[in-house]
Amino acid sequence: MKTLVLMEHDGSALRSGNGAAIGFARELSDDVCGFLLGEDLDAMNCEAAKFAPVITVDDPALADPVADRWAQVIAEVARARGAERIVATSTTWAKDIVTRAAGLLGGAMASDVIGHEVIDGELRLRRPMFAGAVHATLTLEGLPQIITVCASAYEAPEPAATPFAIEPVAANVTELPGSTQLEEVEGKVGARPDVTEARIVVSGGRAFNTSQDFEQLVGGLADTLDAATGSSRALVDAGIVPNSLQVGQTGKVVAPELYLALGISGAVQHLAGMKNSRVIAAINQDPDAPIFEFSDFGLAGDVYEEVPRLIAELNGS
Ligand SMILES: Cc1cc2nc3c(=O)[nH]c(=O)nc-3n(C[C@H](O)[C@H](O)[C@H](O)COP(=O)(O)OP(=O)(O)OC[C@H]3O[C@@H](n4cnc5c(N)ncnc54)[C@H](O)[C@@H]3O)c2cc1C
């Protein structure tokens, strides 16, 4: 099945999560092509071409990732190329742009896919629903299929020894909608990776009494592990951390290889944002805390004692 993988980028580099979308697409078809759109894409095209042939629409009119414009170009190119399946990694970008492209294309969409199987030629997709309380199995009727996959659910393929071809394609950028203009993008402060992209996330909850404690313990452990920091909503509501760190139903949804929950009780709204992590480890002074039910590893203890000990051990001191 002819498949386009939408490659997300931040204007200067590809997002690491794209690997999951390519990995998923390749499991289902040999006819997979990466698709980039934006401006000044040369370096990113070359990066993408390590994993699949690339088609690219490079135009100043697409400098900002504004949903109505990008979705129109995605739909136009997908139609022109006869794409039967369009795949992206499940991110805020995808929720904004890919869903709109799906609407324009009129196909069948499944989002946040965490697994699949093919039975008698029929593709069955598994995705969490109701804040992760249940898993649904979906089949898609009609074409094209538009599918977003969770970053932790699929492995990125190994880069090819010889890069694939890069093909610039034309799109009608003169009649794009202009009702939305991007005014400003607020940059992330700090050198830590973004919570949605990191392989390891260290998250803190109400156990931490001040911003300084959070930075020293949660931030300290994150830096030791080259990880991102996250938090429960309790700390955001208390003004201890910015809301960009909040993980959960009304925060960010993450699925890293390792999620460390420090002093977090495991409320259903927090679990909705992290329970698809590959490995979950928790430290909580309450041995009956619900988070332990969802953890692969648990330590009953005080974060103010256990986290400094962990940092010291990891640093070999
Ligand atoms: C509509 C709605 C949406 C929501 N969205 C979100 C969301 O997106 N994300 C989110 O996180 N929450 C969300 N919430 C809030 C959620 O219900 C919980 O209140 C919140 O997750 C609790 O955060 P917490 O686990 O840090 O705090 P608590 O539930 O208070 O738990 C603190 C934990 O820390 C442990 N502890 C305390 N001191 C120590 C110590 N010194 N050492 C070790 N352990 C210690 C305690 O035993 C306890 O288990 C939402 C709620 C609503 C109603």
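Each ligand, and each atom within it, is numbered from 1 in the order the structure gives. Along the sequence shown, the residues carry numbers beginning at 1. No hydrogens, no waters, no symmetry mates; every other heavy atom, side chains included, goes into these values.
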How far is atom 49 (O) of ligand 1 from the closest protein heavy atom, and which atom is that?
N284 ND2, 2.8 Å

In terms of side-chain geometry, is the basic nitrogen of E155 or R278 positioned less than 4.0 Å from the acidic oxygen of its partner?
yes

How close do S231 and V241 get, heavy atom to heavy atom, and via which atoms?
OG-CG2, 3.3 Å

Counting heavy atoms under 4.0 Å, the part of A267 that contacts ligand 1 is side chain

With a 3.5 Å distance limit and no angle check, can you tell me whether D286 reaches the backbone of D288 through a side-chain donor-acceptor pair?
yes

So the atoms of ligand 1 within less than 4.0 Å of a heavy atom of G205 turn out to be 26 (O)

Any idea which protein heavy atom is nearest atom 32 (C) of ligand 1, and the distance to it?
G263 O, 3.6 Å

Looking only at protein heavy atoms, identify the closest one to atom 36 (N) of ligand 1 and say how far it is in Å.
A207 CB, 3.7 Å

Please list the nearest protein heavy atom to atom 24 (P) of ligand 1 with its residue and the distance rounded to 0.1 Å.
S232 OG, 3.5 Å

Which atoms of ligand 1 are found less than 4.0 Å from any heavy atom of G251?
8 (O)

Salt-bridge present (E76, R79; N to O < 4.0 Å)
no

Of the protein's non-hydrogen atoms, which lies at the shortest distance from atom 31 (O) of ligand 1, and what is that distance?
S265 CB, 3.2 Å

Starting from atom 40 (C) of ligand 1, find the nearest protein heavy-atom neighbour and note its residue, name and distance.
Q285 OE1, 3.4 Å

Is there at least one pair of N or O atoms, one from S231 and one from ligand 1, spaced under 3.5 Å apart?
no

By number and element, which atoms of ligand 1 are closer than 4.0 Å to a non-hydrogen atom of G301?
42 (N), 43 (C)

Quick check on contacts: which atoms of ligand 1 are under 4.0 angstrom from a heavy atom of Q249?
7 (C), 8 (O)

For ligand 1 and G266, I'd like to know whether there is a polar contact (N/O to N/O, distance under 3.5 Å).
no

State plainly whether one hydrophobic cluster holds both V254 and F294, where clusters connect Ile, Leu, Val, Met, Phe, Trp and Tyr through side-chain heavy atoms under 4.5 angstrom apart.
yes

May I ask you to decide if G17's main-chain N or O and T89's side chain share a donor-acceptor pair within less than 3.5 Å?
yes

Any nitrogen or oxygen of R206, main chain or side chain, under 3.5 Å from a nitrogen or oxygen of ligand 1?
yes

With a 3.5 Å distance limit and no angle check, can you tell me whether Q145 reaches the backbone of G142 through a side-chain donor-acceptor pair?
no

Counting only heavy atoms not in D30, do more than 12 fall under 6.0 Å of its CG?
no

Flag side-chain contact, heavy atom, 4.5 Å: W70 against L62
yes

closest protein heavy atom to atom 17 (O) of ligand 1 is Q269 OE1, 2.8 Å

Ligand 1 contacted by V247 (non-hydrogen, < 4.0 Å)
yes

Check the angle between the aromatic planes of F208 and Y304 and answer parallel, tilted or perpendicular using the 30° and 60° thresholds.
tilted

Test applied, side-chain contact (heavy atoms from CB on, under 4.5 Å); reference residue, L36; option that passes from L14, I55, L6, V57:
L14

Which residue and non-hydrogen atom of the protein lie closest to atom 2 (C) of ligand 1, and at what distance in Å?
R233 NH1, 3.5 Å

